[in-house]
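FYI, the numbering just counts along the sequence from 1.
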Amino acid sequence: MRLTRKTIAKVIAVAFVFNLVVMGGGAWFAYQEAPPIPDQVVGPDGETVVTDQEIRDGKKAFQKHGLMNHGSILGNGAYYGEDYTADALALKTQYMRSYYAQERYGAAYDSLPTGERAAVDEVVKQDLDGEYGGGDIEYSAAELYAHEQVREEYVERYHEGSHERGVPEGMIDSEEDARQFADFAMWTAWFSHTDRPGGDHSYTNEWPYAPGAGNDATAAAMTWSVIAMVLLVAGAGFGIWLYRSVRLPEPSADGLSVPEPGDVSVFPSQRSALRFVPVAAGLFLAQVLLGGLLAHFYIERAGFFGIEEVFGVHILQILPFSIAKTWHIDLGILWIAATWLGAGLYLPPLLTGHEPKNQSTYIDGLLAAVVVVTVGGLGGIWLGANGYLGDLWWLLGNEGLEYLEVGKVWQFGLLAGFGTWAVLAIRGLKPLLDREPVYGLAHMILYAGGSIALLFTAGFFFTPETNIAVTEFWRWWVVHMWVEGAFEFFIVAIVGLTLVSMNLLRRRSAEKAVMLQALLVMSTGVIGVSHHYWWVGMPDMWVPIGSVFSTLELIPLVFILYEALGQYGAMTESGDFPYKIPFMFIVASGVWNFVGAGVLGFFINLPLINYYEHGTYLTVGHAHAAMFGAFGFLALGMVSYMLQLSIEPERWDGSWLRASFWCWNVGLALMVFVSVLPVGFLQLEAIFTGSYAAGRSLAFYNQPIVQTLFWARLPGDTLIILGTAIYAADLVRKRFVLRVSEDDPDVEDMAVAEGVLSDD
């Protein structure tokens, strides 16, 4: 079967519309079916306990003080502290048991005989097992007592501070805000155990697992996990048939003249694009250093190798985990994005021999804007979390949502940066854009970059006042549709463009391969984002939909790995292939994409597994292997390619890059497989045998075996930091051997441009 580019383009258009309809309908349901915020919560005598505004103000306090990067809510966020939903539910259950033990038996719950404890447990379950029919939430006397106790505990913990838990003093700057945060957490606990009207399970599909509160996995989680496994086998078979049936030319070095680095000239705009690299490297180095600190926080909750004894101050008070974690995440996104922006502006002259007027100046301006937004955003996070920005905290400071931490103004700046990049890319690719159809390779690059910007706009559809379930719906549109959709699309487009620039693949063949991969990614990854909606208060229709599409996400990642290995085989056919180091990174990206996003992602996304592991260290392993392994290595591969073209061939030395490559790969493997995943499996066992709150508790993290595994992360983290330091130092020394750019560039100065432009 031979598919034309035009046919694949039509199928992609149909898939895009289908995705839009499904997710658009999901957005409507998100607003209709979100857990209600009642006008008020009342006690047994009708007195007001909590108002709707206090719940909303509690969500504001949660975001303003960066609590999502200390602990998590509904399983989403950081894993250092407790999950606030699970913690509030566990405390509610505990205090209700204490209340009934005193009321019925006049004794502490723990001192009761087994039979009396069982009777109390049953009463508590009956209290919590109710359906919401609208109007006010009506507390029993035991629930009222529990709510008041949780309020005081949260004031003590998050306002007064608890170094044992890694909470700095004044993390929440007022007692009132701390109480309102408790109100917000208790509301999420309420809808986690309260059945939807007319249903037989809670708003969160009975998550978190809390046997004492009557929460256990639903039948749908089991049923759809089994169906997902069946669909994986069927989908894999169909995917293999499709891939074998569609004839696509394999990359091959036979009979091709791969341009040597010295055969191409460097244009002024490429020198400007290359300036993104050292900026990104600085962000990268800061990120991995913060990562080492964050890992150590799990061992010394308020210290760092005893420096608090020397200086008399806990590092936790200077740089709390929540701010360090926020910066760590944002720096990771920013250095990869900055590198991709630079690569996207470096490659067009290579393919077209075209240098638009003033392109170099505009690229320098874009880099300056990126620096301003980065400094402003990261500085605003600290200022906002420390209360210096007043009511503007979520606009100029920290919006306080994981992966979307920076204030809205800085997010607008990032969106404007994406738009500027698109304009500059269009200017650079114009000779190709004018010659090719709308489904051509140059257009694909713009579509991939444009989709990143388009999905980012979903982050502007909510404010701190928005219901947390709806907030999470839109937040995952940005975060995981980037990862599962736009970023994967960008990967295959950039790799295809690189192959063309190396003369390993004709432009037409690259276009077809990129489009087929884009179709597979779009057909699974976009709707596959719905596996994040199972436990956050979204309609339970997402369980079957998410199970199907999340499972099938593995298939395109297998093909991306297959393509990467095929490209590596083509590269090694010729012993004198000059771009071996860039291809090492590209192949590593494909391997880690398969391992991190594919294997580990598939494992944790099965509904029944995800019910128990959601928000554990298994997710940490998946995230690190997928984010750095897939997207980071691709960015670094593009850097090495850009550098090799920009340095005099006789002065090129790739030994330091090769050393960094192996430090990063070995370090990442050690971190993920020796430390992070073993902790995750122990956590999973603790949840299976106890409750979700137990698996996220301080007692779990303080176990000797878990602490040993945290220490076992040190070699891997050290290698990653060492590799990044070598990489940064290598960029400094390479800065002095860069080639001089052409004053008046022409298409003849590019060895590949004429071949690409004539490949119609």
Asp57: partners by salt bridge (charged side-chain N to carboxylate O under 4.0 Å, His left out), with sequence neighbours left out: Lys60
Using modelled atom types only, decide if a donor and an acceptor are shared between the side chain of His193 and the backbone of Leu128 within a distance under 3.5 Å. yes
Under 3.5 Å, side chain of Asn398 to main-chain N/O of Gly400, donor-acceptor pair present? no
Mind telling me whether Tyr203 and Phe191 have parallel, tilted or perpendicular rings, with 30° and 60° as the class edges? perpendicular
Over-ring placement of Lys408 relative to Phe462, 6.0 Å and 45° cut-offs: yes
Look at the side chain of Ser322 and the backbone N and O of His70, then say whether any donor-acceptor pair between them is shorter than 3.5 Å. no
Is there a donor-acceptor pair closer than 3.5 Å between any side-chain N or O of Gln63 and the backbone N or O of Glu399? yes
Go through the steps for Tyr617 and Tyr298 under the test ring-ring contact (aromatic ring centres under 6.0 Å, His included), then give the verdict. CA-CA 12 Å; Tyr617 252 62; Tyr298 282 88; 5.5 Å; yes
Between Asp540 and His201, is any side-chain donor less than 3.5 angstrom from a side-chain acceptor? yes
Does either side chain, that of Gln94 or that of Tyr99, offer a donor lying less than 3.5 Å from an acceptor on the other one? no
Just checking Tyr132 against Trp190, ring centres under 6.0 Å apart? yes
His328 side chain to Ala324 main-chain N or O, any donor-acceptor pair under 3.5 Å? no
Salt bridge (Lys or Arg N to Asp or Glu O under 4.0 Å) with Asp87: of Lys92, Arg165, Arg157, Arg696, only one passes, and it is Arg157
What is the ring orientation for Tyr80 with Phe297, classed by angle as parallel under 30°, tilted 30 to 60°, or perpendicular over 60°? tilted
Heavy-atom donor-acceptor pair, Thr223 side chain to Ala220 backbone, under 3.5 Å: no
Judged by atom type as modelled, is there a donor-acceptor pair below 3.5 Å linking the side chain of Trp207 to the main-chain atoms of Tyr611? yes
Counting N and O atoms only, with roles assigned by atom type, does the side chain of Ser225 sit under 3.5 Å from a partner on the main chain of Leu608, one being a donor and the other an acceptor? yes
Please identify which of these residues, Phe184, Phe181, Trp187, Tyr692, meets the ring-ring contact (aromatic ring centres under 6.0 Å, His included) condition with Tyr84. Phe181
When you check the gap from the basic side-chain N to the acidic O, do Asp183 and Arg179 get nearer than 4.0 Å? no
Dump the intermediate steps for ring-ring contact (aromatic ring centres under 6.0 Å, His included) on Trp476 and Tyr533, then the final yes or no. CA-CA 9 Å; Trp476 283 116; Tyr533 301 151; 8.2 Å; no
Do the ring planes of Phe473 and Trp477 sit parallel (below 30°), tilted (30 to 60°) or perpendicular (above 60°)? tilted
Any salt bridge between Glu472 and Arg475, counting N to O under 4.0 Å? yes
Side chains of Tyr95 and Glu153: any donor to acceptor distance under 3.5 Å? yes
Are side-chain heavy atoms of Asn610 and His532 found at a separation under 4.5 Å? no
Identify, with sequence neighbours excluded, every residue that meets side-chain contact (heavy atoms from CB on, under 4.5 Å) alongside Lys325. Asn69, Ala78, Leu294, Phe321, Ile329, Glu402
Chi angles and distances behind the side chain to side chain contact (heavy atoms under 4.5 Å, CB included) call for Leu415, Phe460: CA-CA 11 Å; Leu415 188 60; Phe460 297 95; 4.0 Å; yes
What's the verdict on salt bridge (charged side-chain N to carboxylate O under 4.0 Å, His left out) for Arg56 and Asp52, showing C-alpha distance, side-chain angles and the deciding distance? CA-CA 6 Å; Arg56 292 186 173 90; Asp52 59 340; 3.3 Å; yes
Under 6.0 Å from the CD atom of Glu138, do we count more than 12 heavy atoms belonging to anything else shown? no
I'd like to check the side-chain contact (heavy atoms from CB on, under 4.5 Å) partners of Ala90; sequence neighbours left out, ordered by chain and number. Ala693
His531 side chain to Asn605 main-chain N or O, any donor-acceptor pair under 3.5 Å? no
Thr85 versus Ala189, closest heavy-atom pair with distance: O-CB, 3.9 Å
How far apart are the C-alpha atoms of Glu156 and Ser162, what are their side-chain angles, what is the distance that settles it, and do they pass the side chain to side chain donor-acceptor pair (under 3.5 Å) test? CA-CA 8 Å; Glu156 181 180 338; Ser162 172; over 6 Å; no
Between Trp535 and Asn76, does any side-chain donor sit less than 3.5 Å from a side-chain acceptor? no
